[in-house]
Enquirer: 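Handing you a structure now.
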There are 2 protein chains.
Amino acid sequence: MALRPVTRRSVSDQVFDQLLDEVVDGELPAGEPLPSERRLAEVLGISRPAVREALQRIAQTGLVEVRQGGATLVRDFRRAAGLDLLPRLLVRGGRLDTSIGRSVIEARAEVGPGIAALAAERGGPALAASLDGVTETMAATIDPVEWQVLALDYWDLLVDGADSMVFRLMYNSLRAAYEPALPALAAVLADEVGQVEPYRLLTAAVRAGDAATARAAAARVLTPTADTLLSAFAAMGDDR
Amino acid sequence: MALRPVTRRSVSDQVFDQLLDEVVDGELPAGEPLPSERRLAEVLGISRPAVREALQRIAQTGLVEVRQGGATLVRDFRRAAGLDLLPRLLVRGGRLDTSIGRSVIEARAEVGPGIAALAAERGGPALAASLDGVTETMAATIDPVEWQVLALDYWDLLVDGADSMVFRLMYNSLRAAYEPALPALAAVLADEVGQVEPYRLLTAAVRAGDAATARAAAARVLTPTADTLLSAFAAMGDDR
DNA sequence: CGTCCCAACTGGTCTGACCACTTGACCACA
DNA sequence: TGTGGTCAAGTGGTCAGACCAGTTGGGACG
């Protein structure tokens, strides 16, 4: 029998999730005041410190604004939230939001080549050698999930090579959104497993320090996945 | 006389900032355990709930990992943190980190044209009309700071037009990093005030729905600023 | 030598109290 | 009429001390 690790979620975790969902779903409209901490504690049947911890975390993400003496106000997350919110938006209530998914793919297609270009300028042969290592492993992989993990590792190295903190943090945020859905996505992308040639071309461009070629090669690495996923999203959207 | 609003920072705010700085500065190396909550409370002379609120917020940003029963561990923020951390990294201890600043400029140059292209595809004449409004105001502006604010407003509209949640959140994060430094940057960029023509060309491309032209026009809007800032950063770096 | 168990940590939660601040209503005074 | 002062009620901020729940490591026991 397939046992899975039990997940014990703390009280404040659960409150955090509930509040976040309500804000994101618009059940708590922007500008609206939240119930007071005491009231929330009473309604939820928990203590005030637990409520406060959840609220502080919500405030940390920019979804609410708490002011001493006044009420805690809901903010418009579209304007106030940062990229860290992405994982929560991408999969909501166990379902993948295809319009968010589409924008992830678009952003990936836009940002990826730029990262590759910077990596080609700055990474040099040392980076290319590391990339070779991952590529070789990919060539020997037939499991779709493992393939996706290796692809992420490849990009991880590339991002390191780009030597840009902003792209590194962007990558972290995108990866955090991507990973929970990885098993599901891997199934859709099973046909790509074994297509190492685009990666090899990209690595070659990095080794040569040729930014323009790397940019084009990165686009060729990303395009098949993007096309597959976009059409899959479109099919899912039609279901409704 | 120029009065400014007094800033009262809560105890947990201060603890949050202290811990965050220590992690980012590497004084608390990744993998290292944090002192226990009780110990922190004792050392800092505050109560445990205050410490906990700060720790929960730190954990929310991915900088530490807290486990019941075990110690709270510091994580490598380069791998665990998301783009929301950027403002904290860009200006640290009141000083602007030029290497982070450089990567912000690079990312902007990379992402901006992509946003413009999407906006051209999806925004249409309605978006162009809004953009015109901002551009007209810019043409009548001579104050450098106000100019920068309007430039941000222009991009804000463009991001809306791109109709992409990922780019929206990226923009929010970048803007959050950008805005605190805006007055200082505005002084460096004073020469650009009044250069509305690139914006007009970009708006025209959006109105025409011409993605390729919009992409190029966006690059032309961004390049002068990027060059100016990068050389300013280089000069600052030389000071050391 | 391996196994088990327990004590001493850790974080998680609760209670109830008090402080600091904001808000709005009310009132006195110009 | 409006200006400022006062006050009570409600909000978030902080504290203390206690107990629950999970982890860890070492020592007793087989």
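Chain letters run A, B, ... following the sequence lines, proteins first, then strands; residues in each count from 1. Quick caveat: nothing in here was measured; it's all calculated off a predicted structure. Reckoned from all heavy atoms, side chains included, excluding hydrogens, waters and symmetry mates.
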Enquirer: Can you confirm whether the side chains of T61(A) and Q60(B) place a donor and an acceptor under 3.5 Å from each other?
Expert: no
Enquirer: Looking at dG13(D), dG11(C), dT13(C), which one has an atom nearest to any side-chain atom of S47(A)?
Expert: dT13(C)
Enquirer: Just the rounded figure in Å: distance from C1' of dG12(D) to CG of L40(A).
Expert: 12 Å
Enquirer: Among the nucleotides dG13(D), dC15(D), dC19(D), which one has an atom lying closest to any side-chain atom of V66(A)?
Expert: dG13(D)
Enquirer: dG12(D), dT14(D), dG12(C): which one has an atom nearest the side-chain heavy atoms of R38(A)?
Expert: dG12(D)
Enquirer: Which part of the nucleic acid, if any, lies within reach of Q56(B) when heavy atoms closer than 4.0 Å are counted: base, sugar-phosphate only, or nothing?
Expert: sugar-phosphate
Enquirer: Is the count of non-hydrogen atoms from other residues, nucleotides or ligands lying under 6.0 Å from R78(A) atom CZ greater than 12?
Expert: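 Not more than 12 within 6.0 Å, no.
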Enquirer: Among dC15(D), dT14(D), dT10(C), find the nucleotide with the atom closest to the side chain of V11(B).
Expert: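 Nearest nucleotide to the side chain: dT14(D).
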Enquirer: Could you state the atom-to-atom distance from CG of L34(B) to C1' of dC9(C) in whole Å?
Expert: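 Those two atoms, CG and C1', are 16 Å apart.
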Enquirer: How many whole angstroms separate atom CD of Q14(B) from atom P of dG13(D)?
Expert: 13 Å
Enquirer: S10(A) side chain N/O closer than 4.0 Å to the phosphate oxygens (OP1, OP2) of dG12(C)?
Expert: no
Enquirer: Side chain of E53(A): nearest nucleotide among dT13(C), dG12(D), dC14(C)?
Expert: dT13(C)
Enquirer: Checking all strands, does R67(A) fall into the base, sugar-phosphate, or nothing category for heavy-atom contacts under 4.0 angstrom?
Expert: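 If one applies the 4.0 Å heavy-atom cut-off, R67(A) turns out to touch the sugar-phosphate alone, with no base involved.
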Enquirer: Would the number of heavy atoms belonging to other residues, nucleotides or ligands and lying under 6.0 Å from CZ of R79(B) be above 12?
Expert: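 Yes, the 6.0 Å shell around CZ holds more than 12 heavy atoms from other groups.
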Enquirer: Starting from C1' on dG11(C), measure out to CD on E65(B) and report it in whole angstrom.
Expert: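 Checked: the CD to C1' distance equals 13 Å.
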Enquirer: Hey, is R57(B) close enough to E53(B) for a salt bridge, meaning N to O under 4.0 Å?
Expert: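 Looking at E53(B) together with R57(B), the answer is no, because their closest N to O distance does not fall below 4.0 Å.
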Enquirer: Using whole Å, report how far CZ of F16(B) lies from P of dG13(D).
Expert: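 Checked: the CZ to P distance equals 15 Å.
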Enquirer: What is the distance from CZ of R9(B) to C1' of dG12(D), rounded to the nearest Å?
Expert: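 Nearest whole value for this atom pair: 17 Å.
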Enquirer: For V111(B) and M170(A): C-alpha separation, side-chain torsions, deciding distance, then whether side chain to side chain contact (heavy atoms under 4.5 Å, CB included) applies.
Expert: CA-CA 11 Å; V111(B) 174; M170(A) 273 186 191; 4.2 Å; yes
Enquirer: Rounded to the nearest angstrom, tell me the gap between atom CG in L73(A) and atom P in dT22(C).
Expert: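 Computing the L73(A):CG to dT22(C):P distance gives 14 Å.
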Enquirer: Just checking R95(A): does its CZ atom have more than 12 heavy atoms from other residues, nucleotides or ligands closer to it than 6.0 angstrom?
Expert: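 Not buried by this count: 12 neighbours or fewer within 6.0 Å.
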Enquirer: If you only use heavy atoms from C-beta on, which nucleotide in dT14(D), dG11(C), dC15(D) is closest to the side chain of I46(B)?
Expert: dC15(D)
Enquirer: Kindly say if T72(A) contacts the phosphate of dG12(D), meaning a side-chain N or O under 4.0 Å from OP1 or OP2.
Expert: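 It does, given that an N or O in the side chain of T72(A) lies less than 4.0 Å from OP1 or OP2 of dG12(D).
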Enquirer: Roughly how many Å is it from CZ in R52(B) to P in dC15(D), rounded to a whole number?
Expert: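 Roughly 15 Å, once rounded to whole Å.
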Enquirer: Which nucleotide sits closest to the side chain of Q68(B): dT13(C), dT10(C), dA21(D)?
Expert: dA21(D)
Enquirer: Measure distances between side-chain N and O atoms of R48(B) and base N and O atoms of dG12(C), and say whether any donor-acceptor pair falls under 3.5 Å.
Expert: yes
Enquirer: Between dG12(C), dG12(D), dT14(D), which one does the side chain of E37(A) approach most closely?
Expert: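 Comparing dG12(C), dG12(D), dT14(D) against the side chain of E37(A), the answer is dG12(D).
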Enquirer: Is S12(A) close enough to dG12(C) that one of its side-chain N or O atoms is under 4.0 Å from OP1 or OP2 there?
Expert: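 False: S12(A) side-chain N/O out of range (4.0 Å or more) of dG12(C) OP1/OP2.
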